[in-house]
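When a residue number appears, it is its place in the shown sequence, counting from 1. Please read all numbers here as calculations on a predicted model, not as lab measurements.
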Amino acid sequence: MKILINASNIHVGGGVQVAASFINELYNLFLTYDSIPYHIVISSNVNNNIYPSIDKNKFLSFHIVNIYGKKKSKDLNLDVFDNYDIIFSIFGPFYLKTNAKIKITGFAQAWIIYPKNLAYNYISYMEKIKFKLKFIIQKMYFKKDDHLIVELEHVKKALVKCKIKKENEISVVYNTVSDVFYNLKMWQPIPFSSKKFTLGFLGKAYPHKNIKILKEVNEILIKKFKIDCDFLFTLKKSEMRELGFHELDNFHSVGQINVNQCPAFYQAIDALIFPSLLECFSVTPLESMKMNKLVIASNLPFVRDICKESALYFNPIDPNDIANTIAYAINNGNDINEKIKLASDIIKSLPSAQERAISYLNIINKFKAIL
């Protein structure tokens with residue numbers, strides 16, 4: 001039985017953390033075995049975030065291949081995705097044609113299951129057309145997969161409602177924080193420190209992340225509340241320029257960081273600012289909660305389902321409401337401490353990274369048993 005774990009198409013964001021964490025835990029689960037009964041194909045970014053101590057030779061095969069959409073890297077062996085019984089793509093869609101008997105794929109594309117979302121109001125007409133065509137194609141690929149794995153129940157319900165999959169063709173495996181957050185020896189520093197109250201956003205500048213609004217929020221904080229706080233991002237210099245953030249002295253970026261630097265990012269901030277308009281799931285609120293930092297976020301179900309009453313919420317399309325919520329957080333320390341305590345209890349109830357890995361393997365083994 002040949003089984004491939006595929007993360008060749010994952011290059012940025014939370015998907016890299018999930019993929020790296022799964023490979024790490026897979027190695028740990030089979031640590032006492034002479035060999036690990038899985039083939040691995042992962043991207044360079046995922047490879048850069050797995051434990052350096054992993055002996056890759058213990059896997060049946062281990063390849064580093066970068067797939068971008070339908071494009072394949074020049075170093076790709078033609079048969080690297082062929083002749084497997086099961087392919088588990090940690091997140092899809094995976095566009096390359098394979099002859100696998102069973103294709104299991106992680107689903108985290110909220111644009112597909114929530115086509116009437118707020119994010120469409122903040123992109124141009126041509127971008128809307130481009131996005132909708134893209135997601136029609138992606139939807140077709142997800143439909144072809146034999147089984148989908150999602151991170152929250154609301155995603156499963158939406159997939160069934162959209163008739164992409166039947167209920168028994170979808171499994172829910174809850175996300176969790178990476179094991180690195182529990183291992184202080186693995187933490188790596190970031191080049192930033194501030195004496196001012198600092199709001200942080202960890203992620204890319206995708207339109208649905210809605211971080212462009214923070215420029216207006218900052219202006220309101222200064223003029224209305226006389227609050228001068230820092231904003232910290234993990235954006236490229238080009239992204240900072242495109243958003244106009246480079247013009248502001250209190251807007252900073254440490255650039256793209258690796259998984260081991262994430263704890264240091266949260267240590268450097270006082271609160272997570274999360275104005276996203278659309279998600280299936282985002283691990284950043286959980287990570288912030290694990291690091292005892294307040295979450296200030298969009299008052300939308302994909303955040304409330306995770307944070308419950310441990311966060312402060314705002315209307316993500318109203319900069320005044322966002323500014324008011326930030327000002328409240330800065331001026332009401334006792335209430336904030338109570339919310340951080342609530343967050344700690346939520347984190348304790350989460351599955352571990354190893355338990356998440358075992359859940360993935362259980363799904364693979366169900367299909368293995370019927371082949």
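Residues Glu279 and Ser276 bring a donor and an acceptor atom of their side chains to less than 3.5 Å of each other. In this model, no donor atom of one side chain and acceptor atom of the other lie less than 3.5 Å apart for Thr105 and His147. Side chains of Tyr51 and Asp179: a donor-acceptor N/O pair is present below 3.5 angstrom, by distance only. Counted by atom type alone, Tyr27 and Asp55 present zero donor-acceptor pairs between their side chains at under 3.5 Å.
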Test log, rule salt bridge (Lys or Arg N to Asp or Glu O under 4.0 Å), inputs Lys341 and Glu338: CA-CA 5 Å; Lys341 288 178 184 177; Glu338 286 301 314; 3.7 Å; yes
Stepwise ring pair (Phe, Tyr, Trp, His ring centres under 6.0 Å) test for His252 and Phe233: CA-CA 6 Å; His252 313 273; Phe233 302 92; 9.1 Å; no
His11 and Tyr68: CA distance, side-chain angles, deciding distance, ring pair (Phe, Tyr, Trp, His ring centres under 6.0 Å) verdict: CA-CA 9 Å; His11 306 282; Tyr68 296 93; 4.0 Å; yes
Salt bridge (Lys or Arg N to Asp or Glu O under 4.0 Å) between Glu287 and Lys293, worked out: CA-CA 9 Å; Glu287 292 172 346; Lys293 302 297 180 176; over 6 Å; no
Step-by-step side chain to side chain donor-acceptor pair (under 3.5 Å) determination, Lys223 to Asn218: CA-CA 9 Å; Lys223 290 183 177 179; Asn218 179 59; over 6 Å; no
Salt bridge (Lys or Arg N to Asp or Glu O under 4.0 Å) between Glu219 and Lys215, worked out: CA-CA 7 Å; Glu219 190 176 339; Lys215 193 174 179 182; over 6 Å; no
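A side-chain donor-acceptor contact under 3.5 Å links Gln261 to the backbone of Asn258. Lys103 places no side-chain N or O within 3.5 Å of a backbone atom of Ala100 that could act as its donor or acceptor partner. A donor-acceptor pair under 3.5 Å links the side-chain atoms of Thr176 to the main chain of Pro351, judged by distance alone. With hydrogens and angles disregarded, no donor-acceptor distance shorter than 3.5 Å links the side chain of Thr325 to the backbone of Ile296.
Residues passing the side chain to side chain donor-acceptor pair (under 3.5 Å) test with Asn175 are Glu151, Arg356, sequence neighbours excluded. With sequence neighbours excluded, the residues forming a ring-ring contact (aromatic ring centres under 6.0 Å, His included) with Phe30 are Tyr33, Tyr38, listed by chain and number. Under the side chain to side chain donor-acceptor pair (under 3.5 Å) criterion, Glu167 pairs with no residue at all, not counting sequence neighbours.
For residues 315-329, no pair satisfies salt bridge (charged side-chain N to carboxylate O under 4.0 Å, His left out), with sequence neighbours left out.
Relative to the six-membered ring of Phe131, Lys128 misses at least one condition, a distance below 6.0 Å or an angle of at most 45° to the axis. In this structure, Lys132 satisfies the cation-pi test against Tyr120, with its NZ or CZ atom closer than 6.0 Å to the six-membered ring centre and inside 45 degrees of the ring normal.
A ring-ring contact (aromatic ring centres under 6.0 Å, His included) with His39 is found for one member of Tyr84, Phe88, Phe59, Phe62 and no other, namely Tyr84. Residue Phe107 is tested with Tyr141, Phe94, Phe142, Phe91 for a ring-ring contact (aromatic ring centres under 6.0 Å, His included); the sole match is Phe142.
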Which atom pairs, one a donor and one an acceptor, fall under 3.5 Å between side chains of residues 236-245 and the rest of the protein, sequence neighbours left out?
{"from": "Glu239", "atom 1": "OE1", "to": "Lys236", "atom 2": "N", "distance (Å)": "2.8"}

Enumerate, atom names and distances included, each donor-acceptor pair closer than 3.5 Å involving a side-chain atom of residues 193-202, sequence neighbours excluded.
{"from": "Ser194", "atom 1": "OG", "to": "Lys196", "atom 2": "N", "distance (Å)": "3.0"}
{"from": "Ser194", "atom 1": "OG", "to": "Asp230", "atom 2": "OD2", "distance (Å)": "2.5"}
{"from": "Lys196", "atom 1": "NZ", "to": "Asp228", "atom 2": "OD1", "distance (Å)": "3.3"}
{"from": "Lys196", "atom 1": "NZ", "to": "Asp228", "atom 2": "OD2", "distance (Å)": "3.2"}
{"from": "Lys196", "atom 1": "NZ", "to": "Asp230", "atom 2": "OD1", "distance (Å)": "3.3"}
{"from": "Thr198", "atom 1": "OG1", "to": "Lys196", "atom 2": "O", "distance (Å)": "3.0"}

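Across all non-hydrogen atoms, the minimal contact from Pro189 to Ala264 is CA-CB, 4.0 Å. Nearest heavy-atom pair across Ile190 and Ala268 is CD1-CB, 4.0 Å. Closest approach of Cys280 to His154, counting heavy atoms only: O-NE2, 2.9 Å. The two residues Leu277 and Tyr122 make their nearest non-hydrogen contact at CD1-CD1, 3.7 Å. Nearest approach of Ser89 to Asn6, heavy atoms of both residues: OG-ND2, 2.9 Å. The heavy-atom pair separating Leu272 from Ser288 by the smallest distance is CB-OG, 3.5 Å.
Counting heavy atoms of neighbouring residues, nucleotides and ligands inside a 6.0 Å radius, atom NZ of Lys157 does not exceed 12 of them. Heavy atoms of other residues, nucleotides or ligands lying less than 6.0 angstrom from NZ of Lys204 number more than 12. Annotation for Asp249: atom CG does not count as buried by contact number, only 12 or fewer foreign heavy atoms lying within 6.0 Å. Other residues, nucleotides and ligands place more than 12 heavy atoms under 6.0 Å from the CE atom of Met1.
Counting heavy atoms from C-beta outward, Leu152 and Val172 have side chains that stay 4.5 Å or more apart. Residues Ile40 and Ile23 meet the side-chain proximity criterion, which asks for heavy atoms closer than 4.5 Å. For the pair Ser298/Tyr313, no side-chain contact is recorded, criterion being any heavy-atom separation below 4.5 Å from C-beta on. Side-chain contact check for Ile10 versus Asn45: every heavy-atom pair is 4.5 Å or farther apart.
Using a 4.0 Å cut-off between a side-chain N of Lys or Arg and a carboxylate O of Asp or Glu, Asp85 and Lys101 qualify as a salt bridge.
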